[in-house]
Protein chains: 2
Amino acid sequence: MLKNDVDKEEPSRDLYHQVYLAILEHRLPPGTKLGEDKLAKIFNVSRARVREILARLSHEGVVELVPQKGAHVARPSPKQARHVMEMRRLIEPGIVRKLITSLDDEKHAKLLAHLDAETTARRDADTQAIIRLSGDFHFLLGDLCGNEFLARSIRELSTLTCLIIYLYDAPTSDACRDDEHAEIVNAVVAKDADLAAELVTRHLDHIEASLKLSDGVQVVDIEQVFSQISAKPNAKG
Amino acid sequence: MLKNDVDKEEPSRDLYHQVYLAILEHRLPPGTKLGEDKLAKIFNVSRARVREILARLSHEGVVELVPQKGAHVARPSPKQARHVMEMRRLIEPGIVRKLITSLDDEKHAKLLAHLDAETTARRDADTQAIIRLSGDFHFLLGDLCGNEFLARSIRELSTLTCLIIYLYDAPTSDACRDDEHAEIVNAVVAKDADLAAELVTRHLDHIEASLKLSDGVQVVDIEQVFSQISAKPNAKG
DNA sequence: GGCTACAAATATGTCGACAATAACGTCAAT
DNA sequence: ATTGACGTTATTGTCGACATATTTGTAGCC
């Protein structure tokens, strides 16, 4: 009997990746309560283990950990969203430049393989795969650039971008268009550093432009509902 | 009776800052074993608390957490050192540029106050304060730039730089010279973004240039001691 | 005499239980 | 009927104890 069942292979690592993936794929929307007992029961692990994973996810910015309130999937504010994109514009062009200087056949192949996966997912209209792969593309750029610190940063920022896109309504098909990723890869394999850097910057600009980052207070959702009733009496009456 | 005793005010936060500060000031050199029971006894807290702090420090890259081996103060490799400096060169010029665009009187005052503290420490030859303040300067730039993600990144990278300087023998007086910080502040308050960015880059170049990042294997310190005895018989004989 | 194997000790990994706090529902009083 | 206070419940915070692995010391054997 082969160990084809991955149910309880490595409970702790499994838990981390499961939660992480679920958040990336928007199956756990921003704001979702992540109760410790709940997760412990679901994954058949101890609460201490859940707590450890939650702390790790909190440090990565994926979940918000409030004392005496528990863990929730992070809800980046518009201000934070702008800061995330700002930092990405700062480091991601540098990442592709560095990637170009260290490009080899293996990296080349990985980039093309990813593009294939993206086009396949898009052809099959596999929404969850599209969302996941759109983020994975930027993870890949970070991993291939050869700098572990840059890789970790862009990974965290891309993950937050995934949450931001969900929150601020950027249609994925428009935000992370397949052809933009392909154009970037083309510039990279052509070793045109300036072009690649500019394409990345434009790509990030497109993403941010498609976001609806209203400056209005949006931390309190209750007031939004309240304003819909009291501040707009002419809507129905 | 006033609560002037800070002994057991906030044990967990105290523990974190104490360890962090001790590492920054090189009182806990890279590689130092951080036993859980030891720390628990010293700070009169439970082991679980120590474990939590250690995990946090591990996430920040300050300590290395090896399964079944415990926690040690991180020892960045030469490769990691280069990557740290590479990333700093990528984001720190952007940080000062952003700081300039949002400069106000309050930030201005904080920058000058820091320079005063640095010159005072240098005049008094307070080595530990000099080391701490040299790192704090870059923390301050991050905090004042207004982007929390950039601030966190530069804080972590500066901390690692502090360990790197200790490991690879850059004399602090030469690596983080007071006047270089002062020149950067001058350019910032003059709102000369290009000059400030260039000065920061040069500053980072100077730091890296003063490091002795030999590519030789240096992960095992035991072999270093061993080589001093067997490989250099002509030293004393 | 040196090496190996076993055992003891120390330190880490893991867990369950208890305590405290916040959220929720209920009841009573105005 | 509505509001305020109180009690219950559920969830998080904290801790000590047990299990496991690694290291060190010792004794026996080659």
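Just so it is clear, the model here is predicted, and its values are computed rather than measured. Below, read A as the first sequence line, B as the second, and so on, with proteins coming before strands; counting in each chain starts at 1.
When the nucleotides C:dA22, C:dA11, D:dT14 are ranked by their closest atom to the side chain of B:Asp37, C:dA11 comes out on top. Distance from the side chain of B:Ser46 is smallest to D:dC15 among D:dG13, D:dC15, C:dG13.
Note on A:Lys33: only backbone sugar-phosphate atoms sit closer than 4.0 angstrom, heavy atoms only; bases stay farther off.
B:Glu36 has its CD atom 11 Å from the P atom of C:dA11, to the nearest Å. Residue B:Ile53 contributes atom CD1, which lies 14 Å from atom C1' of D:dG13 at whole-angstrom precision. For the pair A:Leu34 CG and D:dT12 P, the computed distance is 10 Å after rounding to whole Å. Here D:dT11 presents its C1' atom at 13 Å from NZ of A:Lys41, a figure rounded to the nearest Å. Rounded to whole angstrom, the span from the CD atom of A:Gln68 across to the C1' atom of D:dG13 amounts to 6 Å. Residue B:His72 contributes atom NE2, which lies 12 Å from atom C1' of D:dT22 at whole-angstrom precision. Remark: P of D:dA19 and CZ of A:Arg49 are 19 Å apart, rounded to the nearest angstrom. If you measure from atom CG of A:Leu65 to atom C1' of D:dG13, you get 12 Å, rounded to the nearest angstrom.
Evaluation of atom-type donor-acceptor distances gives a pair under 3.5 Å for the side chain of A:Arg47 against the base of D:dG13.
Side-chain nitrogen and oxygen atoms of A:Arg51 include none within less than 4.0 Å of the OP1 or OP2 phosphate oxygen of D:dT12. Side-chain nitrogen and oxygen atoms of B:Lys69 include none within less than 4.0 Å of the OP1 or OP2 phosphate oxygen of D:dA21.
For the pair B:Glu118 and B:Ser134, the minimum side-chain heavy-atom distance is below 4.5 Å. Counting heavy atoms from C-beta outward, B:Ile91 and B:Leu157 have side chains that approach closer than 4.5 Å.
A cation-pi arrangement is not found for B:Arg27 relative to B:Tyr20, the charged atom failing to lie both closer than 6.0 Å to the ring centre and inside a 45° cone about the ring normal.
Atom CD of B:Glu148 sits in a crowded spot, with more than 12 heavy atoms from other residues, nucleotides or ligands closer than 6.0 Å. By the neighbour-count criterion of 12 heavy atoms within 6.0 Å, atom CG of B:Asp105 is sparsely surrounded, having that number or fewer from other residues, nucleotides or ligands.
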